[in-house]
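Each remark here refers to the structure printed beneath this line.
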Amino acid sequence: MIILHHCPQSRSMRTLWLLHELDIPFDVRTYPFDKTLRRPEFLELSPAGRVPALQIDGIQMFETGAITQYLCEQYSPDVLGRPVGHSDRAHWLIWVHFAETISQHVAALTQQHIALYEDAMRSPIVMRLEAARIGKCFDALERQLADRSFLVGDAFTAADVSVGQAVAMAQLFRTLDEYPCLAGWFARISARPAYQKSLPALGEEMYSKPFYPAWPTE
């Protein structure tokens, strides 16, 4: 039995999408993004009180990169993953973990726009800086996708899942208007049924708006 502990519109969407791509049986337990994650019973699953947490094969896992590697090694080493010894293994690992480079900036902006509820608490400098840092990540992806359809080799892999989820969230704070290759790639992967299944149900969204411009707007 596989059980995913999940908050909508969070990093655990990455694991949810991958599980749907793998097309294996699993259950989902959904939590609000609040102090529920600090309860002792949840800290038994994820000691920092973060999602995702995954129960699988009699063990408990956290950290999306580790979960992605484990699931691919167990269920799809040659299709969604790249096994040890494969010529694309190093590049696959790089892009699987590049998702966290993007997500750290998304997390900083989420704190500024969502967690800090009064304008006096927010920092225009931080907000603009983090949005610019997302732009640098998009620059790197634009270069990588300039002559290819997917991030690694010529096929869709879990690297596209990991980075795709991060880009989905980053678009709350930075558009893809200046990135035609990245935008085309994201359109392709977000049309996949597994991606659509990983989206939050109506009323489960963490974010109340589709886009948050750097504050204050001019």
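Keep in mind that the numbers below use all heavy atoms, side chains included, and drop hydrogens, waters and symmetry copies. Quick caveat: nothing in here was measured; it's all calculated off a predicted structure.
Taking CG from Asp57 and CD1 from Ile2, the interatomic distance works out to 7.0 Å, rounded to the nearest 0.5 Å. Note that CD1 of Ile24 and CD1 of Ile56 are 6.0 Å apart. Values are rounded to the nearest 0.5 Å. Here the straight-line distance linking atom CZ of Arg29 with atom OG of Ser12 works out to 14.5 Å at 0.5 Å rounding. A distance of 13.5 Å separates SG of Cys7 from CE of Met13, quoted to the nearest 0.5 Å. Interatomic distance, CG of Leu176 versus CG of Leu182, reported as 5.0 Å (0.5 Å rounding). With values rounded to the nearest 0.5 angstrom, Leu54 atom CG is found 12.5 Å from Glu63 atom CD.
Under a cut-off of 6.0 angstrom, the local environment of OH in Tyr117 is sparse, with at most 12 non-hydrogen atoms contributed by other residues, nucleotides or ligands. By the neighbour-count criterion of 12 heavy atoms within 6.0 Å, atom CG of Asp34 is densely surrounded, having more than that number from other residues, nucleotides or ligands. Heavy atoms from other residues, nucleotides or ligands lying under 6.0 Å from CG of Asp154 number 12 at most. No more than 12 heavy atoms of other residues, nucleotides or ligands lie within 6.0 Å of CE in Met1, so this atom counts as exposed by the packing criterion.
Between Arg128 and Ala214, the closest heavy-atom pair is CG-CB, 3.7 Å. What you find for Met206 and Pro8 is that their closest heavy atoms are CE-O, 3.6 Å. Taking every heavy atom of both residues into account, Leu151 and Asp160 meet most closely at N-OD1, 3.1 Å. Scanning all heavy atoms of the two residues, the minimum distance from Pro210 to Leu172 falls at O-CD2, 3.4 Å. Smallest separation of non-hydrogen atoms from Leu4 and Pro52: CD1-CB, 3.8 Å. When all heavy atoms of Arg148 and Gly153 are compared, the closest pair comes out as NH1-N, 3.8 Å.
The backbone N or O of Leu116 sits less than 3.5 Å from a side-chain atom of Arg122, completing a donor-acceptor pair. Distance alone, capped at 3.5 Å, places no donor-acceptor pair between the Ser46 side chain and the Val51 backbone. Under a 3.5 Å cut-off, the side chain of Gln165 and the backbone N or O of Ser10 do form a donor-acceptor pair. Looking only at distances, no side-chain donor or acceptor of Gln112 sits under 3.5 Å from a matching main-chain atom of Met127. When atom types are taken as modelled, the side chain of Arg38 and the backbone of Gly49 share a donor-acceptor pair closer than 3.5 angstrom. Checked by atom type and distance alone, the side chain of Arg14 never pairs as donor or acceptor with a backbone atom of Thr64 at under 3.5 Å. In this structure, the side chain of Gln69 does not engage the main chain of Ile67 through any donor-acceptor pair within 3.5 Å. Put simply, the side chain of Gln60 gets close to the backbone of Glu44: a donor and an acceptor are under 3.5 Å apart.
By the 30° and 60° cut-offs, the orientation of the rings of Phe26 relative to His20 is perpendicular.
Put simply, the side chain of Leu141 does not reach to within 4.5 Å of the side chain of Phe186, judged on heavy atoms. Gln9 has its side chain out of reach of Glu204: every pair of non-hydrogen atoms, C-beta onward, lies at least 4.5 Å apart. Looking at heavy atoms from C-beta onward, Phe42 lies out of side-chain contact with Thr36 at the 4.5 angstrom threshold. In this structure, the side chains of Gln104 and Arg133 stay at 4.5 Å or more apart for every pair of heavy atoms.
Using a 4.5 Å cut-off between side-chain heavy atoms of Ile, Leu, Val, Met, Phe, Trp and Tyr, with links allowed through other members, Leu18 and Leu199 fall into the same hydrophobic cluster. Transitive grouping of hydrophobic side chains (ILVMFWY, heavy atoms separated by less than 4.5 Å) keeps Leu16 and Phe62 in distinct clusters. Hydrophobic clustering of Ile, Leu, Val, Met, Phe, Trp and Tyr side chains at less than 4.5 Å, counting indirect connections, keeps Leu37 apart from Ile3. Residues Leu145 and Phe150 are members of one and the same hydrophobic cluster, defined by side-chain heavy-atom contacts under 4.5 angstrom among Ile, Leu, Val, Met, Phe, Trp and Tyr. Val28 and Leu71 fall within the same hydrophobic cluster, defined by Ile, Leu, Val, Met, Phe, Trp and Tyr side-chain heavy atoms under 4.5 Å apart, directly or through other members.
Among residues at least two apart or in separate chains, there is no side chain to side chain donor-acceptor pair (under 3.5 Å) pair with a member in residues 73-95.
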Requested in this report: Evaluate the side chain to side chain contact (heavy atoms under 4.5 Å, CB included) criterion for residues Tyr70 and Ile59: first the C-alpha distance (whole Å), next the side-chain angles of each, then the deciding distance (0.1 Å), finally the verdict.
Outcome: CA-CA 12 Å; Tyr70 187 85; Ile59 60 175; 4.2 Å; yes

Query raised in the report: For Asp139 and Glu142, what are the C-alpha separation, side-chain angles and deciding distance, and is it a side chain to side chain contact (heavy atoms under 4.5 Å, CB included)?
Result: CA-CA 5 Å; Asp139 288 341; Glu142 183 73 7; 5.7 Å; no

Requested in this report: Start with the C-alpha gap between Val167 and Ile189, add the side-chain angles, then the distance that decides, and say whether side chain to side chain contact (heavy atoms under 4.5 Å, CB included) holds.
Outcome: CA-CA 11 Å; Val167 169; Ile189 65 171; over 6 Å; no

**Report entry** Thr68/Leu80 under side chain to side chain contact (heavy atoms under 4.5 Å, CB included): CA gap, chis, key distance, verdict
**Finding:** CA-CA 10 Å; Thr68 295; Leu80 293 175; over 6 Å; no

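In this structure, the ring-ring contact (aromatic ring centres under 6.0 Å, His included) partners of Trp17, at least two apart in sequence or on a different chain, are Tyr195. The ring-ring contact (aromatic ring centres under 6.0 Å, His included) check on Phe173 picks up His113, Tyr212, with sequence neighbours excluded.
Tested against Ile134 for a side chain to side chain contact (heavy atoms under 4.5 Å, CB included), the candidates His105, Gln171, Met169 yield a single pass: His105.
Taking the ring centre of Phe138 as origin, the terminal cationic atom of Arg174 falls outside the region bounded by 6.0 Å and 45° from the ring axis.
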